[in-house]
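Below, chains carry the letters A, B, ... as their sequence lines are ordered, and counting in each starts from 1. No experiment lies behind these values; they were computed from the predicted model shown. Atoms considered below: every heavy atom in the structure, side chains included; atoms not considered: hydrogens, waters and symmetry mates.
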Amino acid sequence: MRIAIGTAPRGRVALVDLADPSQPLAVLGPAGLPAAVAELERQRPRWVWSDARRWYPALLAAGVRVERCHDLLLGGAIVEGSADVVAARAAGAEPRPRWLSAAPNLAGVDGAIAVAPSVAASARATALFDLDEFDEVHDESFSVDAAGSAPASAGSADASEGAAEASGALAGDVPVDAVVVEYLRQMRLVETSARPRAMQLLLAAESAGALIGVELRSAGLPWDRVVHESVLERELGAKPKHGWKPARMEALALEVRTALEQPTVNLDSQVELLRALRRAGIQVASTGKWELREHDHPAIEPLLAYKRLARLLSANGWSWLDEWIVDGRFRPDYVPGGTATGRWATSGGGALQLPKNVRAAVVADPGWKLVVADAAQLEPRVLAGLARDEALAGAARGTDLYRGIVDAGVVETRDQAKVAILGAMYGATTGDSGRLVPRLARAYPRAMALVDRAAAVGERGGQVTTNLGRSSPVPPASWRETQARASDPDATAVDERRARSAAREWGRFTRNFVVQGSAAEWALCWMAALRTRLSTLAPSSTLAARSGRAFEAVPHLVYFLHDEIIVHTPADRADEVAAAVAECAADSGRLLFGDFPVDFPLDLAVVDSYAMAEG
DNA sequence: ACCTGCCGCGCC
DNA sequence: AAAGGGCGCGGCAGGT
């Protein structure tokens with residue numbers, strides 16, 4: 001069963017069964033939606049909606065979880081960009097609707113936007129049905145007395161979203177008939193794509209990610225403010241008065257200025273600092289710490305210490321704590337599919353850059369545990385699977401792929417194996433890494449050929465595609481102009497050099513894209529499977545379920561970082577959860593690479609604090 | 001008072 | 001101990 005959710009005239013919401021779109025299942029006010037969804041969810045439908053970030057928070061706030069969805073914004077971005085769908089798009093020639101351009105990565109992509117019906121137009125009568133006919137029609141079983149029995153959304157963490165709803169239209173508001181039309185269009189593109197099964201799986205996994213992104217925010221990452229404050233005090237000293245710098249930073253700044261013999265230089269200004277360093281005889285091209293480290297001067301050590309503290313203060317200091325930690329939870333705004341490769345992004349809070357030294361503040365609730373798991377050397381394993389490289393998969397058989405490469409006699413040390421692998425995937429040509437890559441190529445020719453091919457395609461300006469069918473963007477017009485200028489008869493040496501450099505740069509991007517993007521798919525399938533598994537585990541036998549919250553007493557995901565997840569679980573369920581996490585990793589490998597023998601072992605820990613997980 | 005671009009640096 | 005890919009964010013610089 002598939003049910004579309006979209007807007008209807010006069011601020012209402014409509015539900016349409018895709019098996020019978022001749023008339024809606026229900027047309028109701030926004031307040032009635034959670035109860036209606038909860039009722040229909042018993043039939044385990046796939047909810048089809050414009051954007052999980054638009055529709056799902058209010059449901060979760062009312063305590064309603066859904067099992068699966070199709071997220072049109074994310075699905076649209078994939079099918080519009082995929083080289084596997086090019087023929088299907090051309091054959092069908094159905095226009096992409098304008099509202100899809102809100103999708104991550106789709107804003108600048110060519111599409112038949114001009115001929116798409118505008119939201120306003122499709123909000124009126126359509127071929128499917130006229131919602132105005134359904135003024136008073138809705139199934140009594142969904143009806144919710146506005147005065148009473150509706151699950152309360154007051155007290156939700158997201159007052160702002162409620163306010164936006166009250167004030168009118170939200171981004172992602174799409175008339176239900178347009179939702180149906182777009183869903184059917186996407187399904188036709190999937191069916192006629194080069195690899196329908198893979199594309200279907202990708203859209204399902206991406207949509208599961210869309211649900212998880214909202215759920216992670218709703219659940220929140222348990223955060224101990226006291227521990228965080230003690231980290232800050234240990235590093236920075238006492239909390240300074242508002243608008244002041246911590247005394248320890250001031251002391252370090254004084255030390256630097258003294259050593260440089262420039263008592264007024266402002267260390268926070270790159271321009272001033274660079275000038276001061278040079279005047280003191282330290283010949284650097286930038287103020288970056290990697291370059292500073294190379295120099296021997298009494299100003300360097302306190303300067304590096306100052307920079308480290310300045311970073312901590314501005315990125316995760318007391319004001320971050322006040323802004324982002326509410327009621328013991330960190331609730332970042334995840335953006336699934338927010339990057340070109342399909343990795344997630346976040347907006348606000350820097351959730352994907354939590355410094356190691358503040359992770360101590362991630363602490364399980366009393367009676368709860370954190371199950372922390374990350375996939376060991378995910379990307380080279382994915383590369384082995386993608387390339388069907390038996391030799392590399394052999395080296396990956398144990399828990400330490402780099403050790404496996406050493407044991408195979410390819411390089412001498414684990415460190416060499418690591419930089420060589422990274423160099424192969426990122427396109428290093430110089431340094432230790434670049435020198436080791438040829439040895440890797442001899443040992444693992446299939447894997448190396450795959451990334452080399454991806455790089456060659458990119459250098460020509462072509463698209464490359466992941467395991468499941470997500471394609472890299474085409475290079476921007478400015479890139480193509482640079483290439484065109486170089487092939488002009490009177491191109492200068494500078495033009496040619498610039499074009500070569502830009503071509504190689506795009507080649508490094510596409511080289512990495514296939515690996516990073518396919519690894520993101522593995523992680524998505526892992527997490528989606530885990531989410532399903534967790535929902536089948538019984539609530540804790542020792543923690544009484546309190547009402548009103550979606551995540552009381554049951555294990556749930558609270559964090560995701562590219563190849564790493566954290567589950568917050570009642571302590572008595574931790575071992576079951578850990579086993580499920582590992583099984584789902586193995587399942588994801590089989591799902592994506594069939595019986596090709598590549599392992600996906602995890603570093604897995606059951607801990608009270610994130611800092612106690614090996615990282 | 002804003003905006004954009006760039007740097008530097010945290011994470012994978 | 002830094003080079004290659006992907007990001008977000010804070011801060012400064014330089015513009016309007």
Taking the minimum atom-to-atom distance to the side chain of [X], which one of [options] wins?
X        : options              : value
A:His562 : C:dG6, B:dG8, C:dA3  : C:dG6
A:Lys289 : B:dG10, B:dG8, C:dC7 : B:dG10
A:Gln353 : C:dG6, C:dG8, C:dA1  : C:dG8

Over how many whole Å does the gap from [X] atom [atom1] to [N] atom [atom2] extend?
X        : N      : atom1 : atom2 : answer
A:Leu309 : B:dC9  : CG    : P     : 13 Å
A:Leu422 : C:dA1  : CG    : P     : 17 Å
A:Glu235 : B:dG10 : CD    : P     : 12 Å
A:Arg293 : C:dA1  : CZ    : P     : 7 Å
A:Leu277 : B:dG8  : CG    : C1'   : 14 Å
A:Glu564 : C:dC7  : CD    : C1'   : 16 Å
A:Leu354 : C:dC7  : CG    : C1'   : 14 Å
A:Tyr426 : C:dG6  : OH    : P     : 10 Å

Would you say the side-chain atoms of [X] and [Y] include a donor-acceptor pair closer than 3.5 Å?
X        : Y        : result
A:Gln270 : A:Thr287 : no
A:Asp71  : A:Tyr56  : no
A:Gln463 : A:Ser472 : no
A:His228 : A:Trp223 : yes
A:Ser518 : A:Thr466 : no

Just checking [X]: base, sugar-phosphate only, or nothing, at a heavy-atom cut-off of under 4.0 Å?
X        : result
A:Ser347 : sugar-phosphate
A:Ala340 : sugar-phosphate
A:Asp333 : nothing
A:Gly431 : nothing
A:Arg308 : nothing
A:Thr346 : sugar-phosphate

Taking only residues two or more places apart in sequence or in another chain, which ones pass side-chain hydrogen bond (donor to acceptor under 3.5 Å, both in side chains) with [X]?
X        : result
A:Trp324 : none
A:Asp608 : A:Lys369
A:Thr510 : none

A correct 5'-to-3' footprint of nucleotides 10-16 of chain C, with B, S and - meaning base, sugar-phosphate only and no protein heavy atom under 4.0 Å, is SSSS---
Is there a residue in residues 508-526 of chain A whose heavy atoms reach under 4.0 Å of DNA chain B, and which residues are they? none
Taking 4.0 Å as the cut-off, does a side-chain nitrogen or oxygen of A:Lys307 come that near to OP1 or OP2 on B:dC7? no
Any idea how A:Trp506 and A:Trp479 line up, ring-wise: parallel (<30°), tilted (30 to 60°), or perpendicular (>60°)? tilted
Tell me the side-chain hydrogen bond (donor to acceptor under 3.5 Å, both in side chains) pairs involving residues 247-265 of chain A, sequence neighbours left out? none
